[in-house]
Amino acid sequence: MNQTSNTVVQTQKGKVEGSFEDGLLVFRGIPYAAPPVGELRWMPPKPAPAWKGIRSARHFGPIAPQNPMVFEGLMGAQEPEPQSEDCLFLNIYTPGLDDKKRPVMVWIHGGAFSLGSGSMAMFRSGSLAKRGDVVLVTINYRLGILGFLNLKELTGGKIPSTGNEGLLDQVAALEWVKANIAGFGGDPDNVTIFGESAGGMSVACLMVLPKAQGLFHKAIIESAVGAIGRPLNVSVKIAGIFLKAVGLKATDIEALKALPIPAILAAHNRVALETGQGAAPFIPVADGKIMPLMPLEAFAAGKASPVPTIVGSNLDEQKLFSMMDPNSAKMDKQILVKMLERNVPQDKITGLIETYRQARLKRSLPVTPFELFSAINSDLMFRQIALHITSSQHFNSVPAYHYLFTWVSPAAGGALGACHGLEVGFVFGTYEPLFSGSGPGADKLCQQIQDAWTTFARTGNPSTKSLGKWLKYGTARNTMIISENCRLEKKVLEEERQAWEKVGQVNLMNML
């Protein structure tokens, strides 16, 4: 087949025309649901309207309305993207329009449920699809106030938003994939969902969402953070703070539906400041219906999708966020204790700090208050979440694989360590020298991660020739160390893991 002359695909809603680029067929800006505008604001996604003729799929669609990114430019060049409430589009990178039934990988972007898109520069690469012979799909979904604000309770259902509309967008995208991806060379019965940060949290939520069951067959969770979701009562309180921020009452239904986007984005910042929730004041809600339970509770109870799962985190997640605080490097022991009091029971803090101090001294690692806080908070908000999900899947007889990413960023003289988001450029083959590093070592790492991720999507097992044998987590606590020297280890950072068992219940609602 001459692929350069065949770039048109028939979908259920009409024909789309993509382009042939660097050995791949690329389709951009395909609508997977109706524009959530006007009367559809804060409503569950509706089916996209059909069209006549051939629709061009050569340009990305607008992205969800959002405030500027805090780390814009750090992870590579990112030009501004047009924003609109009409944002429910997906993009496809495929090696061929044939009947090979390739594994399908659906990427859910991160960004604290408030930022980002499926068309960010970091994801605009067919490297993963080409190397693994898979069909890659990237998606937009509603963000922030428009995607994760619960108004149902305060408005008496007159605005029925549960706070999970952004998740339901993701479900709609997966339904679109199931119905249409065969025309793009993909197998609708072999779909892997994967994402990082809020994208990893989204994957975890989809795994416990009844509406999403059967729409995917494997899952990869990268650096999911905190409690994953928010209790209903807390989301209602946040909705009240939002109403105060925009100067409206719960009875002002038409005024709420007519709020201009600048007012909504300004309210987002005010709510974030008042709630102390950083960049993520609006996240998925355990409303009892769309999401019946808090995700971590559902995993522990064996109520998550029984699909093969890869879960992991980066060693120094916290260091990226510490960049926002110019005083973080001046942290002393008193400030360290105060910072930990936000999440950890006061009577457990001294013992926790001492465990980390001794464990790091054994490894000849620095034990300044800043380094201790970075290690403790990276584990609290990320690694312990990954271990909880991995062990829950294992104990419920579901294949589960665990990793710890330890490659060090060269940025700021290595001060960022293996920080949050660092692995994403290697997954997509878009790693750049300043943030990610370069050279043969970086090239090899990219190939190893891509091989593992795409092989897992194909077979449910991430073992590969380039990476080696990757055993399930199991009772041995097998962990793949992903770095310049990838290797499988048992009981990684075991002293720290056991320390959290002694700490017991912590407050994961104070995210970042």
Side-chain angles (χ1 to χ4, degrees), residues 66-78 80 109-116 120-122 144 196-201 222-226 268-269 272-273 275-281 283 312-340 342-343 356 360 365-383 385 404-427 430-438 442 483 510-512:
Q66 57 195 267
N67 288 305
M69 297 182 70
V70 176
F71 302 113
E72 195 162 6
L74 177 63
M75 302 178 191
Q78 176 67 41
H109 71 81
F113 296 104
S114 301
L115 303 163
M120 289 178 64
M122 184 175 285
E196 181 267 348
S197 194
M201 294 167 70
E222 303 174 28
S223 299
V225 55
H268 184 285
N269 288 338
L273 184 63
T275 59
Q277 293 297 308
I283 68 174
S313 62
N314 297 356
L315 181 63
D316 304 303
E317 302 271 8
Q318 175 63 35
K319 289 187 175 181
L320 182 69
F321 306 103
S322 294
M323 288 185 61
M324 293 185 288
D325 182 2
N327 297 316
S328 60
K330 302 176 183 178
M331 184 180 295
D332 57 22
K333 186 175 181 179
Q334 184 178 1
I335 297 175
L336 168 61
V337 171
K338 185 176 181 180
M339 293 289 286
L340 294 178
R342 300 176 63 207
N343 307 97
Y356 271 76
R360 291 177 67 82
L365 296 173
V367 291
T368 63
F370 169 77
E371 291 289 350
L372 287 171
F373 175 72
S374 176
I376 291 172
N377 217 47
S378 293
D379 283 359
L380 166 67
M381 303 306 290
F382 294 91
R383 182 168 176 262
I385 309 307
L404 183 65
F405 183 88
T406 65
W407 173 274
V408 175
S409 168
L416 286 176
C419 67
H420 188 67
L422 184 59
E423 87 288 358
V424 178
F426 293 99
V427 171
T430 53
Y431 54 100
E432 55 81 40
L434 292 179
F435 180 62
S436 306
S438 59
S483 193
N510 291 322
M511 295 172 53
L512 305 183

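Numbering starts at 1 and runs along the sequence shown. Nothing here was measured: the structure is a model prediction, and the numbers come from that model.
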Least distance between heavy atoms, L320 atom then H420 atom: CD2-O, 3.3 Å

Side chains of L372 and L336, heavy atoms from C-beta outward: is any pair under 4.5 Å? yes

Rounded distance [0.5 Å steps], CG in N314 versus CG in L416: 11.5 Å

Of all the heavy-atom pairs spanning T430 and M122, show the shortest one and how long it is. OG1-O, 2.8 Å

At what distance, to the nearest 0.5 angstrom, does CE of M331 lie from CZ of F370? 7.0 Å

Given side chains that start at C-beta, do those of F405 and E222 come closer than 4.5 Å, heavy atoms only? no

Student check: side-chain heavy atoms of L404 and S313 closer than 4.5 Å: yes

If I take atom CG from residue N343 and atom CD1 from residue I376, how far apart are they, to the nearest 0.5 angstrom? 11.0 Å

Would you name the heavy atoms of D316 and G417 that are closest together and state the gap between them? OD2-CA, 3.5 Å

Working for side-chain contact (heavy atoms from CB on, under 4.5 Å), residues S114 and Q66: CA-CA 6 Å; S114 301; Q66 57 195 267; over 6 Å; no

Where P366 and R360 come nearest, the two heavy atoms and their spacing: O-NE, 2.8 Å

Heavy atoms, side chains only, cut-off 4.5 Å: are E371 and L365 in contact? no

Do E423 and E196 come within less than 4.5 Å of each other through their side chains, counting heavy atoms only? yes

Do L422 and S436 come within less than 4.5 Å of each other through their side chains, counting heavy atoms only? yes

Scan side-chain atoms only and decide if S328 and S322 contain a donor-acceptor pair under the 3.5 Å cut-off. no

Taking all non-hydrogen atoms of both residues into account, name the closest pair between S378 and L315 and its distance. CB-O, 3.7 Å

Verify, without hydrogens or angle tests, whether S197 (side chain) and G199 (backbone) share a donor-acceptor contact under 3.5 angstrom. no

If every non-hydrogen atom of L115 is compared with every non-hydrogen atom of H109, which pair is closest and at what distance? O-CE1, 3.1 Å

Pairing donors with acceptors under 3.5 angstrom, does anything connect the side chains of E317 and S223? yes

For the pair Y431 and F426, name the ring-plane relationship: parallel under 30°, tilted 30 to 60°, perpendicular over 60°. parallel

Does some side-chain heavy atom of D379 sit less than 4.5 Å from a side-chain heavy atom of Y356? yes

